[in-house]
Structures are given as structure tokens and as C-alpha cells.
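Per chain, numbering begins at 1; letters A, B, ... match sequence-line order.
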Amino acid sequence: MYEHDVIVVGAGGAGLRAAIAAHEAGADVAMVTKLHPVRSHTGAAEGGINAALQEGDDWELHAYDTMKGSDYLGDAPAVETLAQDAPEETINLEHWGMPFSREEDGRVSQRPFGGLSYPRTTYAGAETGHHLLHTMYEQVVKRGIQVYDEWYVMNMATTDEPDPNDRECHGVVAYDVQSGKIEGFKANQGVVLATGGPGQAFDHTTNAVSCTGDGHAMAYRAGAPLEDMEFIQFHPTSLPSTGVLISEGVRGEGGILYNSEGERFMFEHGYANNSGELASRDVVARAELTEVDEGRGVEDEYVHLDMRHLGEDRIMDRLENILHLAEDFEGVDGLVEPMPVKPGQHYAMGGIEVDENGQTCVDGLYAAGECACVSVHGGNRLGGNALPELIVFGKRAGRHAAGDDLGEPKIRTGYGDDVEDETETELPVAPGEAGLDTTGGVAADGGVTADPEGILERTVETARERVDRLMDKEDGVQHAEIRAKLQQAMTDYVNVFRTEEGVKKALEIIRECRQEYQDVYVDDPSRTFNTDLQQTIETRNLIDVAESIALGALVRDEFRGAHWRKEHQERKDEEWLKHTLISWDDGEPSIFYRPVILEGQNKTYEPKERSY
Amino acid sequence: MSQSYNRGLIEDFGRWKEFSAGMWAWIFHKFTGWMLIGYLFTHIAVLSTSVGAAGNEAAIMAESDVYTTTLQGLEGLFLIRLLEVGLLAVAVFHILNGLRLLMVDLGVGLEAQDKSFYASLVLTGAITVASVPTFLTGVSL
Amino acid sequence: MAEQYSSFTPGGTRWFLQRVTAAFLVVVLAFHFFLLHFVNHAYEVTFLGTQARMENVGYLLTMVLFLITATFHGVNGVYNALVNQGLEGTQKKAVLAVLVVASVGLVAQGTYVALTMSGMI
Amino acid sequence: MSTQQAEPESQEAPEDPEMKGAESPAAEQQKGGGMVDEQAEKEAELEGETVHIKVFRYDPEVEGKQEPRFDDFHVPFTKGMTVLDSVMYARDEYDSSLTFRHSCRQAVCGSDAFFVNGKQRLGCKTQISDLEQPVRIEPLPHQEVVKDLVVDMDHFYDQMHAVEPYFQDEDTPETDALEEQRQSPENREKIKMSSRCIWCGACMSSCNIAAGDNEYLGPAAINKAYKFAMDDREGEEIKEHRLRILEQEHGVWRCQTQFSCTEVCPKDIPLTEHIQELKREAVKKNLKFW
Ligand SMILES: Cc1cc2nc3c(=O)[nH]c(=O)nc-3n(C[C@H](O)[C@H](O)[C@H](O)COP(=O)(O)OP(=O)(O)OC[C@H]3O[C@@H](n4cnc5c(N)ncnc54)[C@H](O)[C@@H]3O)c2cc1C
Ligand code: HEM
Ligand code: SF4
Ligand code: F3S
Ligand code: FES
């Protein structure tokens with residue numbers, strides 16, 4: 001057993017920031033991460049960090065833009081905290097040596113980004129996330145913070161009171177990928193989950209293979225509800241074979257989208273008669289998919305993004321990196337042929353429900369970064385708002401976990417008297433646990449709440465048994481099959497287009513996946529670096545996460561932000577200014593809603609039409 | 001890591017087929033350098049015969065002193081002439097590649113490092129071939 | 001974490017001298033080759049001729065300097081090569097000692113030879 | 001039966017004498033049995049163009065894999081397929097025990113540097129159509145193999161950590177000061193390439209010197225130090241301190257300008273140039289008359 005004051009799970013931007021903050025607050029911190037920190041997916045972010053740094057800009061404008069972008073589903077206290085703290089945190093990164101792009105006078109550069117009323121996206125070339133990740137890892141090295149890398153966290157060690165609000169988290173159970181050893185990590189003060197996005201729930205995503213929503217699933221099973229999971233952002237231009245992102249810059253410079261008939265469909269089929277290719281992300285993504293669905297896709301899969309007419313000079317000057325991406329990852333020369341693109345899952349607005357201090361309803365359990373939902377992004381995230389979220393809320397979670405007083409949070413968490421229960425929606429199948437694999441949930445299934453160490457030991461035992469079972473089983477289904485089926489279902493039915501029928505179909509398939517998972521086995525008999533085992537466990541997490549996304553998508557019968565429903569083409573403010581919350585009650589999801597907080601410090605945000 | 005696999009010597013020598021220009025340059029430069037320092041030692045040894053020759057004015061005048069005879073004896077051998085051509089090749093390559101390395105050290109023309117290596121090789125060949133007549137004149141087979 | 005390496009000689013000086021001597025050698029070696037193989041043919045070398053050249057003090061000094069730089073350059077090169085191959089500790093010290101002795105011997109002998117040639121001894 | 005097809009047609013003897021005697025994978029009828037049959041069947045069903053890959057296999061625990069061997073896989077070719085895609089396909093469809101690190105699939109995480117057809121390359125950034133078949137995929141040379149394509153990176157990380165890889169400045173303003181340090185765009189440009197390193201370890205693996213001398217800092221670590229040493233935001237004193245670390249015996253002088261690091265770096269960092277520049281800086285510092 002290992003013991004520390006604060007355990008941070010995950011070492012992407014959010015995890016690193018949390019660890020540094022907890023360390024500065026005087027706690028003995030350790031990071032447990034399934035990848036070496038510099039391998040985290042934060043490194044893929046290109047665009048930048050929104051922060052109101054310049055004179056003439058103002059945090060209130062940033063907050064306003066964010067609220068509007070969220071389609072009024074962001075919680076004002078969170079949104080305002082983000083806008084207020086982002087400048088200081090961004091400058092702090094600069095003080096740690098992050099190589100931001102510079103102006104002639106030596107100040108950091110900022111550029112305009114979609115949905116922003118002021119050019120406040122601070123960037124470091126086209127590799128902002130890479131620099132942010134590496135700069136913070138450098139600080140972790142400098143501070144000598146303990147990092148357990150290539151340790152896969154399997155579960156939370158949480159007490160088992162019936163009401164999650166009464167539960168406490170005492171640590172985590174992890175296994176060392178290199179040796180297969182399973183150990184408990186005791187956290188005397190708190191556990192911060194910073195495990196990143198759940199993109200692998202989808203077949204086609206810009207997210208890494210490691211983005212499997214482990215934190216979501218573990219917190220969920222420990223009792224913390226998942227919030228607004230139905231809000232998934234899809235990016236219209238990703239390469240079909242890998243999901244690598246082709247930046248909006250191509251369309252910004254004049255790139256044109258064609259279908260297989262050579263039609264400039266954004267105009268010719270009337271998706272956006274004014275802005276054409278430059279319409280907002282969700283509009284373009286839907287247009288592309290409609291083309292493919294109606295048989296005008298190339299190879300029934302994608303459309304073409306053509307930039308040849310811009311001329312070699314202009315392309316080399318402004319879009320050179322795009323040429324490399326298309327060449328390296330798709331084998332296509334953008335100067336000679338059009339590039340294939342299709343919509344890809346990009347970001348999850350929802351996540352583990354937390355307050356402004358990063359705390360969940362379970363005492364001692366925190367979450368930050370993409371896996372958390374403080375609710376700054378609401379129904380739709382603005383480009384450049386995720387990275388500031390990592391540093392602002394990563395820091396707060398770290399500090400709070402280490403015992404710093406950050407004041408009373410305004411956001412409430414967990415099931416309480418301010419929530420409204422879901423009553424109407426009919427489900428096609430019973431979601432939740434399918435039987436045997438009682439991996440999740442809290443430590444002492446119905447048993448007496450033991451002391452922290454006892455709880456941890458018991459969780460370690462369960463984890464060992466589970467792994468033994470998976471390894472010993474001789475025959476059955478392999479996870480890859482289940483995962484592929486799940487991803488396909490999500491992409492077919494819970495993608496950009498959502499219909500009631502489709503989402504129900506997805507829930508049925510998810511149910512099948514759960515059942516098949518009962519029969520899953522790990523073929524690789526080795527304890528050494530068994531990625532088969534790791535992926536098998538991840539697949540279980542993906543099922544939980546996918547189910548919560550589909551459930552959310554089914555109950556929310558309106559069109560808000562990134563969530564589009566065929567039968568419900570308008571935003572319903574009277575009914576739906578509330579968050580969807582899904583919690584795991586003894587293996588069975590239950591759904592409830594909590595109203596959005598629109599009252600800010602100085603003003604109340606009035607929902608307006610989201611037009612740009 | 002106790003259980004990891006160490007691929008042993010193959011790592012150090014077995015991959016020569018996959019070497020790139022820079023590595024070959026490094027190996028050749030080493031080789032030629034060692035040859036040259038080796039030669040320097042023998043060279044001084046041969047020249048040391050002059051110690052014995054010195055003072056014997058008559059022999060010197062008659063060009064029959066040890067130094068002269070040793071040198072001319074050696075030079076009369078075809079093998080030695082061949083070796084001399086080899087030495088020239090070695091020296092020329094070492095010089096040319098040495099110049100290349102000096103450029104690299106000064107940060108000049110780094111992008112062309114492979115081309116300059118090939119150029120050194122070609123030039124060495126050319127100079128060596130061109131010098132053969134000079135080296136082989138007057139040798140009695 | 002790998003320890004902070006500390007060693008008495010940082011190594012920069014030797015690296016630098018290797019380059020400086022190389023630069024010097026380019027000139028002198030070219031001159032030497034040219035003189036003894038193309039202007040005067042090696043097979044025609046006689047003590048007389050050698051003596052005639054060596055009697056010129058400038059030439060003598062150049063040749064001695066040539067010898068010293070070449071020895072330093074060559075021996076230092078060999079030493080570097082060995083150290084790069086991972087020579088450590090006592091072994092490394094022994095090799096250094098041998099090389100130093102050899103090069104001192106070489107330079108001494110060479111200088112002695114040159115002086116006899118020039119007739120100064 | 002078509003089982004025999006799956007057997008590697010040519011169990012090409014690896015050059016390593018230690019690797020001799022590699023058995024055909026048929027010897028390895030592990031649990032789940034019939035893996036090989038299954039693969040044969042699946043492969044036989046493949047239509048259209050396929051790619052032939054030979055993958056290095058080793059596992060200290062599993063019988064039949066303790067002696068390293070190469071396994072053959074035939075995977076269907078699709079346009080845009082990368083080396084990483086091919087091994088992922090082989091793992092998901094044929095043999096789930098095939099082990100390698102990977103994550104981002106877009107050349108930013110640095111997990112999947114392999115030795116492909118005799119050169120260190122990022123699996124995800126290498127189009128398989130650019131390679132000669134069969135494509136030989138091995139773990140990075142000069143590092144110990146943990147399993148299959150996974151190598152032990154600890155030594156690489158140690159070297160990276162040894163150069164004090166973090167920004168240092170005595171008079172960094174405190175966090176609450178809302179003012180950035182100034183840096184000219186030219187200076188930012190100067191360190192730009194060096195800051196792109198993704199810690200993939202390809203360079204270190206390609207360097208003969210690093211292979212022979214475990215203490216040599218290696219191109220990646222030196223480049224990391226370069227990023228800070230050349231950054232004007234760090235003061236002169238700290239730069240001197242950094243040079244002192246770099247000019248140790250096992251520092252920059254070890255580099256013999258072999259250029260292979262520069263050639264394999266997937267991020268096109270001019271490593272040799274950076275190392276050479278640091279050598280000159282160190283000499284300048286030591287020879288004050290410069
Ligand atoms: C291509 C792309 C471009 C983007 N561009 C931008 C942009 O320009 N601006 C912006 O603001 N945002 C951008 N985003 C979004 C943003 O980058 C992400 O939301 C953010 O980086 C997520 O950071 P994180 O710290 O939460 O998670 P990650 O960086 O994904 O880190 C997750 C960590 O958790 C660890 N982990 C996961 N599961 C486990 C487990 N079971 N056990 C142990 N450890 C575990 C992993 O090892 C990893 O260290 C982009 C995203 C993508 C995909
Ligand atoms: C004439 C011009 C010469 C030039 C330009 C030259 C240049 C160089 C350079 C730059 C190096 C350093 C290589 C490195 O450290 O990376 C070197 C190494 C060396 N040189 Fe020379 N050199 C010359 C002549 C000589 C002579 C005359 C000798 C023999 C006495 C010699 C023997 C060596 C040796 C032994 C090495 C070490 C090789 C190794 O790395 O193993 N060089 N030379
Ligand atoms: S310098 Fe290049 S090759 Fe070396 S680790 Fe960094 S990215 Fe990889
Ligand atoms: S390969 Fe090695 S020798 Fe130097 S130039 Fe690169 S570090
Ligand atoms: S998978 Fe991340 S670099 Fe290749």
C-alpha cells in the first residue's frame with residue numbers, strides 16, 4: 001500500500017495543475033497515471049487558451065461569451081470563476097517558461113476564435129496544448145512530486161452509505177501496467193480525478209486511444225452523478241482514418257467542401273446559404289452527414305475539403321502544417337487532391353458533477369478537467385475554453401483537496417432537495433448492471449463501513465479477484481469485439497443526429513454489450529504489460545459512459561447547443577434550463593435534474609437566441 | 001527492470017547495414033585517424049635511421065648512408081608504393097572529412113552533411129586515382 | 001534520477017584544441033605531402049636533400065610543430081575515441097598514462113631526429 | 001486445413017545470435033488455443049490488397065515467447081493506413097496479446113516510436129504504403145525490451161530529468177503579478193524547434209554513442225537543455241549553470257555528430273545543430289578571450 005495526502009489520478013493538464021497546487025498548499029501529493037504524464041492527450045490541443053489579458057478586454061466579456069456559447073446551460077458561478085482566474089493562471093504558465101507566441105513588443109500574442117467578442121485566445125504556435133502539458137510536467141519535476149506512471153487506476157475506495165452525500169473516498173486501487181501488481185493508494189485528504197475525455201465511446205474521434213472515460217465511470221460507480229453527458233461536441237473536419245483534426249483554418253482561408261457529385265453542398269443544398277463552409281461547427285457537421293446519408297458521400301463515408309484553388313504559395317504560407325497532417329496521417333497530398341474529412345467526436349461538455357472547488361458530493365472525491373463538469377461549457381464549449389478550465393479548476397481542486405479554504409461553493413452537488421426527478425421518459429431496456437461483474441460500486445457491498453484502511457483493502461481485494469477472474473477465464477468474448485460494437489452504435493445513433501428511435505436502439509445495443517461483457521475474457525496470459533487486460537477494463541468503463549450519454553440524449557427532448565434532436569427542433573427554455581444528472585444507484589442508473597444557475601456576481605444572464 | 005530483455009551486442013554492431021551517412025563518416029574518420037597516428041609512429045621510426053647516418057659524411061655524399069639506403073630501399077618496393085597510395089587516400093579522406101567536421105562544428109551547411117560526406121568520398125577517390133602515376137613512377141617491379 | 005556528473009576536466013578545452021590542431025594540420029599536412037611526393041619525389045629522398053631542407057630554421061620549426069600538433073591531435077583523438085567507448089576509472093587513467101608516455105616519447109624522438117637531420121646535433 | 005498458411009512463411013533468422021532458435025508461433029498454443037488457426041482463417045478470408053508485417057515478439061513470462069521471435073501478420077490495406085494502424089488491426093483481429101504503447105495517433109504523445117524497416121519511426125506517422133514489404137517492426141534498439149514492442153523508457157526519462165528540465169529564474173515575478181516576462185519574437189523563434197520534442201526516444205535509440213555510453217545525456221536531453229539555455233527569459237547566470245551541466249564529460253562532448261538523431265526525429269528538430277551550438281557556447285564561456 002502506498003500512502004499520500006492527496007492522490008491525483010491522471011497527469012494531463014488538469015492533473016498536473018492540481019498536483020502542483022496541492023503541493024504548494026503543503027500536502028504530500030502523488031500522481032497516479034496510466035500514461036507517462038507527457039503522453040496525456042492535453043498535448044494534442046492546438047488552438048489556445050482563452051483569457052482576458054489585454055486592456056480593453058474584460059473577464060465579464062469572457063464570461064458573457066462563454067455563457068452565450070453554452071446556450072445558457074453553464075452555471076454562472078463556474079463560468080465567472082473561469083473568466084476571472086484565467087488571466088492569472090495563463091500568466092502563471094508564462095512565468096513557468098511556457099513558450100507562448102509573441103508580439104513585436106515582447107508580450108504574449110492573442111488571436112480571435114469562434115464565438116469570442118475579443119481576440120483573447122492566447123497561444124503557443126499551433127501546439128498550445130503540447131507546451132502547456134510539458135511546461136507543467138517540468139514544474140512537477142522541479143518540485144519533485146511523486147509520479148507513479150503507467151499505473152492504471154481501477155477503482156475508488158469509497159465507503160458505502162446509501163446516500164452518496166454521506167460517503168467518503170479514501171483512496172484508489174491501481175495496477176502497475178509493467179508488472180501487473182495491484183496495490184492500494186491511500187489518500188489521507190482527497191483524491192482528484194483528472195482522467196480526461198470519454199471520446200473512445202465513439203467510433204470516430206479526435207481523442208486519444210487512452211480517452212476511455214475511466215474517471216467518469218469510477219466516480220459514477222462510487223456515487224457521484226454524471227452531469228449533462230448528452231452534450232458532445234463534434235468537429236466537422238477530421239481525417240476519416242485516424243480522426244486527426246484538420247483545423248478550421250482551412251475553411252477560414254477559403255477551403256471548400258464538396259460531395260461526391262462535386263457539388264458545393266453547403267450552398268447547393270442550402271445548409272447555410274450565407275456563411276457556407278464557415279457556418280458553425282454543428283451546422284457543418286450535420287450537413288456533411290446528411291450528404292453521406294443521402295448517398296452523396298465519397299465512399300459512403302466522407303466528403304472532400306478542397307484547398308487546391310488557394311494556390312501553393314498561400315497554402316505553404318498559412319496552412320503548411322495541414323499539408324503535413326494530410327500527408328502523414330491520410331497519405332493525401334493536399335496540393336494535388338482534395339482532403340477527405342468527416343465529423344468526429346471532439347469534446348465532452350458533461351462529466352462528473354462538481355462544484356467550483358472541484359468537489360463531488362462524495363467527501364474527499366474531486367474531479368477536474370474534461371472528466372469533470374463544473375458546468376462552464378453547458379451545451380456547447382467554445383474553442384479555447386477547455387485549457388483554461390484545466391488550469392483554473394485543476395488548481396482549485398488541488399488546493400481544496402490539500403485543505404485550503406476556498407469559501408463556500410455556490411453550486412450544489414449530489415441528490416438533494418433542489419433537484420427534480422425524471423418521471424416521463426420510457427426506456428427500451430433496463431440500463432445498468434447486467435449481473436455478474438460487480439466491479440463497481442462502493443467498497444463494502446452493503447457491509448459495515450470499516451476504517452479507511454479496511455475499505456481500501458477490501459477494494460484492493462475486489463480488484464484482485466476481478467483481474468484473476470478475467471485472466472483465468474479460458475474462453476469467451478474479447479473486449480475488442482464489444483468495444484467495436486459499442487463505438488459503432490454510438491456513432492450510428494448518438495452522433496450528430498439523434499432521433500428517439502435511434503437513441504433507443506443504441507440503448508438496446510449497449511444493453512447487449514453489457515450482457516456480452518459478462519462473458520469477456522483476457523487472452524493474453526501474461527502479467528507483464530498486459531494491454532489486453534487494461535483495455536478489457538477500459539471497455540467496461542466505456543459501456544457505463546456510453547450508456548449515460550445515450551440516456552441523457554434520450555431524456556433531453558429539445559435542441560440545445562450540440563444536442564440535436566430530430567423530433568424537437570427548438571430550445572425549450574421553460575422546461576430545460578436544467579442539468580441532466582445520472583447517478584448509479586446499486587448498479588442501476590437513476591436520472592434527475594438540477595436547475596441552471598444564471599445569477600452571476602453582478603448580473604443575471606438572460607437566455608438569448610444563440611446567433612453569431 | 002529485472003525481467004526485461006537485453007538484446008546485447010547485436011545492438012552495438014549488428015545494425016551496421018542500417019547505418020546512415022553520418023555514421024559511416026564517423027566510422028571512416030575514426031579508422032583513418034587511427035591509421036594516420038599509426039603511420040606517424042612508424043614514420044618517425046623510419047626517419048630515425050638518420051641518426052645513424054648523421055656524421056658519416058662520406059656515405060652521405062655517396063648517397064649510401066643508412067637513411068638514404070633505407071628510404072630508397074623501401075621506396076623501391078612496389079608494395080610500399082601501394083601502401084603509400086593507400087596512405088594518401090586515408091589522409092585525403094581524413095582531411096576532407098575533417099574539414100567537413102570543422103564546418104559542422106561551426107554550424108555551417110548542416111543540412112548538406114550527407115552530401116558533403118559523399119563529396120569527401122568521391123574527391124578522395126579522384127585524388128587518389130590521379131596521384132597513382134606520381135606514386136608509381138620509378139618503381140622497379 | 002541520474003546523478004549530476006562531475007569530473008575534473010569539463011572537456012571543452014580538449015575538444016577545442018582538437019579542432020584548432022586539425023585546422024593547423026590541414027595546411028601543414030598538405031604542404032608536407034606536396035613537398036615530399038610531388039615536388040621532391042619520395043623515392044629520390046636522400047639524407048643530403050633532407051639535410052638541406054632541415055637546415056632552414058623556419059622549416060625545422062614548422063616540422064617540429066607539425067609533429068607536436070599531429071601527435072596531440074592523433075593521441076587525443078585516440079583517447080577520446082576510447083573514452084567514448086565507455087572507458088572508465090583506473091583503466092581510463094592507465095590508458096591516459098600510456099598515451100601520454102607514448103606521445104612524449106614520439107615527440108622527443110622526432111625532435112631528436114629532426115635536430116640530427118639539420119646537423120645541429 | 002489451411003492452418004499451415006498462418007505459419008510464418010519464412011521464419012527469417014534474426015541477425016542476433018541470441019535470437020536463434022526462434023520457434024514458429026505454432027509452438028505457442030496458449031490458452032484460448034487455436035489462436036493461430038483463427039488467424040489463418042481470418043487471413044484467408046481477406047480480399048483485396050493486404051500488407052505483410054513481421055512483428056518482434058517477446059514476453060518474459062509466456063512460454064514460447066521467452067525466446068524472441070518474429071510473427072507474421074497479413075492485414076487488409078486501406079488508404080492512409082499507418083504502421084500503427086496495422087499493428088492495431090493485428091492486435092484487435094488476430095492476437096490480443098500483441099503489445100505496444102500508443103495513444104494519440106497523431107504524433108503528439110510520443111508513445112509509439114518503433115524500429116521499422118531499420119529506422120526509428122513513429123508508428124502513427126508512418127504511412128505503410130511508403131515502406132517495402134514485409135514491414136519489419138521491432139522495439140527501439142538500445143533499450144531493454146519489456147514485452148513485444150514495449151521498451152523500458154526509464155533510462156531515457158532519467159537523462160531528461162538530469163538536465164534540470166524546468167524554467168529557472170531568480171527574479172520571476174510572483175504568481176499574482178499579472179505581468180508576463182517579455183521575450184522577443186526572434187528569441188521565441190530561436191527556441192521554437194527545440195520546444196517541439198515529444199519525448200519519443202527515437203533519437204536516443206538511433207545514437208551509437210548513447211548506445212555505448214549509458215551516461216551520455218543524449219540528444220533529447222541536450223535539446224531540452226538547449227530550449228532553456230537559449231531562452232532569454234532565463235538570466236545569464238542560469239545559462240552558465242546550464243552550460244556547466246552540459247559540458248560535463250558525458251555531456252555535449254560525447255556527441256560525434258553522427259546526425260542519425262536529427263534524421264530520425266519525427267518532429268524535425270535539428271538536434272545535431274543544437275548540440276553543436278551548445279559546444280560552441282561552452283567553449284566560448286571557457287575561453288574568455290573569445
Ligand atoms: C485534437 C484536440 C484539440 C483540442 N484543442 C483545444 C484548444 O485549442 N483549446 C482548448 O481549450 N481545448 C482544446 N481541446 C480540449 C482539451 O485539450 C482537452 O479537453 C483537455 O486537454 C483535457 O485535459 P485533461 O487534463 O482533462 O485530460 P488528459 O490530458 O486527457 O489527461 C488524462 C490523464 O488521465 C490519465 N488517466 C486516464 N485514465 C486513467 C486511469 N484509469 N488510471 C490512471 N490514469 C488515468 C491519463 O494517463 C492522462 O494522464 C482539444 C482537444 C483535442 C482532442
Ligand atoms: C590534416 C588535417 C586533419 C584534419 C582536418 C583532421 C581533423 C580531425 C577532426 C576534426 C577530428 C575530430 C573528430 C571528432 O572528434 O569528432 C579528428 C580526429 C582524429 N584525427 Fe585528425 N585531422 C587531420 C590530420 C590528422 C593526422 C595527421 C592524424 C594522425 C596523426 C590524425 C589523427 C586523428 C585521430 C587518431 C583522430 C581520432 C579519430 C577517432 O575519433 O577515433 N588526424 N581529426
Ligand atoms: S528530440 Fe525528436 S526524436 Fe528525440 S525524443 Fe524528442 S521528438 Fe523524439
Ligand atoms: S546521433 Fe549521437 S553522436 Fe551526436 S549528432 Fe546525434 S547525438
Ligand atoms: S500514438 Fe502518439 S505519437 Fe504515435
Smallest separation among heavy atoms of [X] and [Y], with atom names:
X: D:R105; Y: A:N207; answer: NH2-O, 2.7 Å
X: D:A107; Y: A:F329; answer: CB-CZ, 3.7 Å
X: A:R39; Y: D:S103; answer: O-OG, 4.3 Å
X: D:F100; Y: A:T531; answer: O-CG2, 4.3 Å

Heavy-atom distances under 4.5 Å only: say whether [X] touches chain D with side chain, backbone, both or neither.
X: A:D149; result: side chain
X: A:A124; result: both
X: A:E103; result: backbone
X: A:E330; result: both
X: A:Q535; result: side chain
X: A:Y137; result: side chain
X: A:R527; result: both
X: A:S101; result: both

Basic-acidic side-chain contact under 4.0 Å: [X], [Y]:
X: A:D524; Y: D:K147; result: yes
X: A:E138; Y: D:K224; result: yes
X: D:R233; Y: A:E94; result: yes

Residue [X] versus chain A: region with a heavy atom under 4.5 Å:
X: D:R188; answer: side chain
X: D:L84; answer: neither
X: D:K79; answer: both
X: D:S111; answer: both
X: D:E186; answer: side chain
X: D:R91; answer: side chain
X: D:M81; answer: neither
X: D:D59; answer: side chain
X: D:K192; answer: neither

To the nearest 0.5 Å, what is the distance between [atom1] ([X]) and [atom2] ([Y])?
X: D:C104; Y: A:H130; atom1: SG; atom2: NE2; value: 11.5 Å
X: D:T126; Y: A:D328; atom1: OG1; atom2: CG; value: 8.0 Å
X: D:D92; Y: A:Q478; atom1: CG; atom2: CD; value: 9.0 Å
X: A:L35; Y: D:R101; atom1: CG; atom2: CZ; value: 10.0 Å

message = Quick one, A:S241 and D:T78 - any side-chain contact, counting heavy atoms below 4.5 Å?
response =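 No - every pair of side-chain heavy atoms lies 4.5 Å or more apart.
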query = Any side-chain heavy atom of D:P165 within less than 4.5 Å of one from A:V141?
reply =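 Yes, side chains in contact.
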If you count heavy-atom pairs under 4.5 Å between each of [options] and chain D, which one has the most?
options: A:T206, A:T242, A:V140, A:L239; result: A:T242
options: A:S210, A:A484, A:A208; result: A:A208
options: A:Q139, A:H134, A:H479, A:R107; result: A:R107
options: A:E150, A:E327, A:H131, A:H36; result: A:H36
options: A:G43, A:P99, A:G243, A:A480; result: A:P99

inquiry  = Using side-chain contact (heavy atoms from CB on, under 4.5 Å), reason through D:V146 and A:T528 one step at a time and then give a plain yes or no.
reply    = CA-CA 8 Å; D:V146 177; A:T528 305; 3.8 Å; yes
For chain A, the option from D:D231, D:V150, D:N187, D:T82 that forms the most heavy-atom pairs under 4.5 Å =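 Option with the top pair count is D:V150.
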query = Does D:E180 use its side chain to pair, donor to acceptor, with the backbone of A:H95 at less than 3.5 Å?
reply =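 The answer is no, because no donor-acceptor pair under 3.5 Å joins these two groups.
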ask   = Side chains of D:S97 and A:D532: donor-acceptor distance under 3.5 Å anywhere?
value =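 Short answer, no.
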